[in-house]
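One structure is given below, encoded as structure tokens.
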Amino acid sequence: MPELPEVETMRRGLAGIVGRRVAALEFPRSRVRPISISPPPATLAGRVAGRTIAGAHRRGKRVVLELVTAGDRLWLVVEPRMTGLFLVGDPPSPDHVRMRIQLAGRGALGSVLFWDRRGLGTIRLLDDRGLEAACGTAVLGPDGLAVTGAELRSALGRSRRAVKVALLDQRAVAGIGNIYAAEILFRAGIDPRTACRRLAADLWERIADRTRAVLAEAVRLEGSSIGDETYRTADNRPGRAQLRHRVYGRENVPCRDCGTPVRRIVQAQRSTFFCPTCQVRSRAARRRGLATHARMP
DNA sequence: CGTTCAACCTGGGCGC
DNA sequence: TGCGCCCAGGTTGAAC
């Protein structure tokens with residue numbers, strides 16, 4: 001589920017807890033298998049209780065809570081992976097509540113939950129060095145909301161990988177996932193199977209531009225809620241970015257721009273959706289496609 | 001360097 | 001109803 005726009009929406013949904021003190025961290029047990037928590041729950045809870053939440057940050061697709069106490073700072077790094085999310089109210093199912101942050105004192109919020117149905121998410125408590133190792137520039141590239149064409153070209157321009165697969169590489173650019181990779185390439189008019197090294201140099205600027213635009217729009221619309229609508233905002237509303245999807249999840253549906261049925265293929269064991277007419281590889285056809293999209297972005 | 005596959009999990013949807 | 005299969009927003013490590 002959560003790609004950059006969904007995680008950014010989670011982060012914003014946690015703005016209200018910044019400045020509050022943690023009374024207790026709880027890791028409820030249930031019938032489902034526990035998620036990965038490091039250090040072990042009891043130890044983690046002991047280290048965090050009493051600290052103040054000094055910030056709610058995002059690094060790529062991770063939520064990072066800054067936890068301070070006199071002379072000391074720790075980072076709670078939460079990776080929602082496929083179905084994790086933060087909630088300020090009741091969870092869809094109590095069995096999948098993975099962590100409860102009990103807040104001290106009086107305020108609008110008494111607690112915040114991390115909920116994760118599939119349980120692929122992870123929670124880590126790290127010091128400054130650990131944060132650098134887990135979220136530093138060796139692991140995560142420039143943020144998708146700010147990435148430039150030069151950065152993309154430098155990271156991927158010589159790669160033989162298909163451009164769609166490469167855009168999912170978090171070291172190249174942080175935050176793009178399967179939904180938005182498809183949407184970005186549709187808006188750029190580029191065939192997802194194109195090898196990076198075959199892309200004309202100036203197309204990286206175009207991809208970067210569409211990356212920033214698609215992700216920013218999705219943040220504005222509070223992320224994509226699709227399928228079983230697992231994803232919700234922290235106050236339990238669905239996102240609206242799915243209403244703008246041009247290709248993702250639309251196999252055989254006529255392309256909104258040209259009417260050609262959207263195709264689904266598999267790349268690196270993941271579905272890729274694209275319009276075989278609007279997104280093209282050949283130089284001449286690409287010119288045509290770009291001209292089309294230049295008129296209707 | 002790059003690709004492929006399996007694994008980590010739960011649950012919804014579909015065909016029979 | 002039930003069973004079996006396929007699918008899902010992510011990431012990692014092993015094998016080739």
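Throughout, a chain's letter reflects where its sequence line sits, starting with A, and its residues are numbered from 1.
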In whole Å, I'd like the distance from the CZ atom of A:Arg197 to the P atom of B:dC1. 13 Å
Distance between the C1' atoms of C:dC3 and B:dC8, in whole angstroms? 24 Å
Each base of DNA chain C marked ( ) or [ ] if paired in-strand (Watson-Crick or G-U under 3.5 Å), | if paired to another strand and . if unpaired gives .|||||||.|||||||
Check whether A:Gln279 reaches the backbone of A:Gly189 with its side chain - one donor and one acceptor, N or O, closer than 3.5 Å. no
CD of A:Glu183 versus P of C:dG9: gap in Å, rounded? 13 Å
Just the rounded figure in Å: distance from C1' of C:dG9 to NZ of A:Lys164. 11 Å
Could you work out the separation of B:dT3 and C:dG9 based on their C1' atoms and round it to a whole Å? 23 Å
In whole angstrom, give me the gap between the P atoms of B:dA6 and C:dC5. 15 Å
Measuring from the side chain of A:Arg161 (C-beta onward, heavy atoms only), which nucleotide among C:dT11, B:dT3, C:dG10 has the closest atom? B:dT3
If you restrict it to nitrogen or oxygen atoms, what contacts under 3.5 Å exist between nucleotides 5-8 of chain C and the protein, and what is each distance?
residue : atom : partner  : partner atom : Å
C:dA8   : OP1  : A:Ser271 : OG           : 2.5
C:dA8   : N3   : A:Arg118 : NH1          : 3.3

State, to 0.1 Å, how close A:Arg153 and A:Ala201 come at their nearest heavy-atom pair, and which atoms those are. CD-O, 3.8 Å
Look only at the side chain of A:Arg210 and the backbone of A:Ile184, and say whether a donor-acceptor pair between them is shorter than 3.5 Å. no
Looking only at non-hydrogen atoms, find the nearest pair between A:Ser224 and A:His245 and report the distance. OG-NE2, 2.9 Å
Can any side-chain N or O of A:Ser225 pair as donor or acceptor with the backbone N or O of A:Gly239 at less than 3.5 Å? yes
Checking side-chain contact (heavy atoms from CB on, under 4.5 Å) against A:Phe86, which of A:Thr9, A:Val7, A:Leu14 comes through? A:Leu14
Please check if atom CG in A:Asp90 has more than 12 non-hydrogen atoms from other residues, nucleotides or ligands closer than 6.0 Å. no
Classify the nucleic acid contact of A:Ser159 as base, sugar-phosphate or nothing, counting any heavy atom under 4.0 Å across all strands shown. sugar-phosphate
Return yes if some donor-acceptor pair links the side-chain N/O of A:Ser30 with the main-chain N/O of A:Val32 below 3.5 Å, else return no. yes
For B:dT10, does either OP1 or OP2 sit under 4.0 Å from a side-chain N or O belonging to A:Thr83? no
If we take the P atom in both C:dC6 and B:dC5, what is their distance in whole Å? 15 Å
A:His96 NE2 to B:dT10 P, in whole Å, measures 7 Å
Would you kindly give the CD-to-C1' distance between A:Glu251 and B:dC14, to the nearest whole Å? 15 Å
Tell me: CG of A:Leu120 to P of C:dG13, nearest whole Å? 15 Å
Passes side chain to side chain contact (heavy atoms under 4.5 Å, CB included), A:Arg244 versus A:Leu221? Steps please. CA-CA 9 Å; A:Arg244 304 292 181 90; A:Leu221 296 170; 3.6 Å; yes
How is A:Gly119 classified with respect to the nucleic acid when contacts are heavy atoms under 4.0 Å: base, sugar-phosphate, or nothing? nothing
How would you list, by chain and number, every residue that makes a side chain to side chain contact (heavy atoms under 4.5 Å, CB included) with A:Arg20, sequence neighbours excluded? A:Leu103, A:Leu109
Rounded to whole Å, CG of A:Leu167 lies from C1' of C:dG10 at a distance of 16 Å
Tell me the interatomic distance from A:Leu4, atom CG, to C:dT11, atom P, rounded to whole angstroms. 11 Å
